[in-house]
Amino acid sequence: MADFESPRGMRDFYPEDMKLRNRIFDAWRAAAVASGFEPYDACVVESLELLQRKAGEEIVNQIYAFEDKSGRKLALRPEMTPTLARMVVARQGALPFPIKWFTIAQCFRYERMTRGRKREHYQLNLDIVGEDAVSAEAEVIYTAVAALRRMGVPDAAYRVRVSNRALLSELLLSLGIGAEHHPGVFVALDKKGKIPREEIEKLMREAGLDDRACAAAFDLLDIGSLEDAAKIAGPGSPAVARLHALFEALEDFGVREQAVFDIAVVRGLSYYTGIVFEAFDTAGELRAIFGGGRYDGLLSAIGGKPASAVGLGFGDVVVGELLQSLGLAAETHLDGVAIGYMTDDERRHATRLAAALRAEGRDVSLSLHPLKAKAFFSTAAANAAEAVYIGPDDRAAGVAKIKNLATREQREVALP
Ligand code: HAM
């Protein structure tokens, strides 16, 4: 046994793990760029004060915090959104709003480890700042779906559950529960199914609700359809109208089928103000694949001018598990060339051929020492599309054969 292991919940990525991670990252990046999002980045170390907001949010208790040698209170970010907000506020006067930005951010949360939850994960973040229209929600949801499609995930394998905190607010107001209690109620209701009902009720009482209001707030989560919610909200509900507009935009994007209304999606972060959504596998085995929503108050809360914002976080851990469970995790696309040689006399020919093919843009794995043919083919075949094995006869003829490892077809190549 080695003396050291990676710290609990932190991940080592061996080359075989990097293949899957890179495929996920490539799909994320390609989908984000195809939808016109621009990349940005920031350091994983953030000021603790920016990350600590209202108490009661689980994420605040999960922060890895430390002091630097000058006594600054710092932390490893648990999410990217406060950093994004800080960066936008710093240039709020100069940026051409609306802006569409994306990043792949490493995040740290001291979580209880369960399936799909690690203490370190990567998150695609897609955010649009400065757009009130529901077209912003549609764009981020569509782009996350497009990334899943690029990974080969079938549309039927997941559903994006959509709700609107503004709708819950309208319904809470109709029950006589004042707006000042709503943020606390949202964070409490998000815990439904995760912690016992008594604990949720305790949280709601802390948010200022009496027993009758607690029970009524709970019952709201049982509303089964948008039509039923609309009936309770009454005609002209702006929150219902926004949801209808979002579903219509998703239809135009060709992803309507994946989206469903679910009033019980509230989200655990307190900064969301409007539409919220979370994607889950249809098999119901995994945690959320991605989640996000509208957060129109965050920029002003950290000292900026008021600005509307919408975004989502899409983690690598859960989608990795989804790909595994769908049998989509294995690498199927190989395009490199492996070059091997029998004796030291063929080394220089092999090296020159490798250099020539690399100069043409091919990925070439060149053996570092002579190998028997059997040993070469058993390792080369695992990672390459084509293989060239150079023996004394090839050297004498000045020609070798490139073998397609899938079709067994061969073609000749002059040895440089
Ligand atoms: P979140 O729901 O906390 O939202 O995280 C987003 C996604 O990150 C989750 O759906 C999950 O895929 C992944 N994730 C979160 N925690 C872990 C963990 N411990 N282990 C593995 N995966 C995890 C946010 O973070 C918001 N800041 C998203 C956002 C961006 N909202 C607006 N813009």
Side-chain angles (χ1 to χ4, degrees), residues 8-11 21 24 28 32 37 40 42 44 46 50-51 53 57-64 76-88 99-129 131 136-137 139-141 143-144 147-148 151 153 158-161 163 165 186-187 190-191 194 265-281 286-299 301 307-323:
R8 191 167 153 72
M10 306 300 171
R11 299 187 290 159
R21 177 171 129 183
I24 294 170
W28 279 347
F37 286 82
Y40 73 102
V44 72
E46 189 47 272
L50 176 73
L51 301 171
R53 297 173 304 260
E57 279 184 317
E58 201 177 19
I59 202 168
V60 171
N61 302 322
Q62 296 172 332
I63 296 177
Y64 279 87
L76 303 179
R77 65 174 170 233
E79 56 157 343
M80 194 65 181
T81 312
T83 301
L84 168 90
R86 176 180 64 67
M87 288 172 66
V88 173
I99 53 164
K100 294 167 64 181
W101 285 5
F102 84 96
T103 195
I104 297 176
Q106 191 180 20
C107 300
F108 294 84
R109 298 183 188 181
Y110 195 82
E111 292 230 33
R112 206 169 56 78
M113 301 245 293
T114 55
R115 186 168 181 207
R117 280 293 173 272
K118 309 269 182 202
R119 291 183 177 164
E120 172 225 343
H121 72 284
Y122 289 88
Q123 244 187 35
L124 168 69
N125 276 249
L126 298 167
D127 288 273
I128 300 179
V129 183
E131 183 53 66
E137 281 92 333
E139 185 82 297
V140 294
I141 293 174
T143 305
L148 283 166
M151 292 174 209
V153 176
Y158 60 93
R159 285 291 170 262
V160 187
R161 298 193 195 151
S163 186
R165 280 192 179 182
F186 294 149
V187 171
D190 175 68
K191 302 220 160 38
K194 301 173 190 164
V265 170
V266 189
R267 306 264 306 135
L269 297 159
S270 60
Y271 49 65
Y272 293 113
T273 53
I275 284 178
V276 280
F277 51 85
E278 247 167 348
F280 289 93
D281 65 306
L286 306 173
R287 307 272 306 251
I289 304 167
F290 63 79
R294 180 168 282 278
Y295 52 102
D296 286 348
L298 184 59
L299 273 73
S308 47
V310 171
L312 64 80
F314 182 160
D316 67 327
V317 179
V318 179
V319 80
E321 294 198 350
L322 180 66
L323 293 172

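What's counted below: heavy atoms across the whole structure, side chains too, no hydrogens, waters or symmetry copies. If you read the sequence from its start, that first residue is 1, and numbering goes on from there. Both ligands and their constituent atoms are indexed starting at 1 by order of listing.
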Can you name the nearest heavy-atom pair linking Leu126 to Ala144, along with the distance? CD1-N, 4.1 Å

Partners of Glu120 by salt bridge (Lys or Arg N to Asp or Glu O under 4.0 Å), sequence neighbours excluded? none

With sequence neighbours excluded, residues passing ring pair (Phe, Tyr, Trp, His ring centres under 6.0 Å) with Phe314: Trp28, Phe290

Within the heavy-atom cut-off of under 4.0 Å, ligand 1 is lined by Glu79, Thr81, Arg109, Glu111, Gly116, Arg117, Lys118, His121, Gln123, Asn125, Asp127, Arg267, Leu269, Tyr271, Tyr272, Ala288, Ile289, Phe290, Gly291, Tyr295, Gly311, Leu312, Gly313, Gly315, Val317

Side chain to side chain contact (heavy atoms under 4.5 Å, CB included) partner of Asp316, chosen from Glu321, Gln123, Arg11: Arg11

What residues form a ring pair (Phe, Tyr, Trp, His ring centres under 6.0 Å) with Tyr158, not counting sequence neighbours? none

Rounded to the nearest 0.5 Å, what separates atom CZ in Arg77 from atom CD1 in Ile59? 12.0 Å

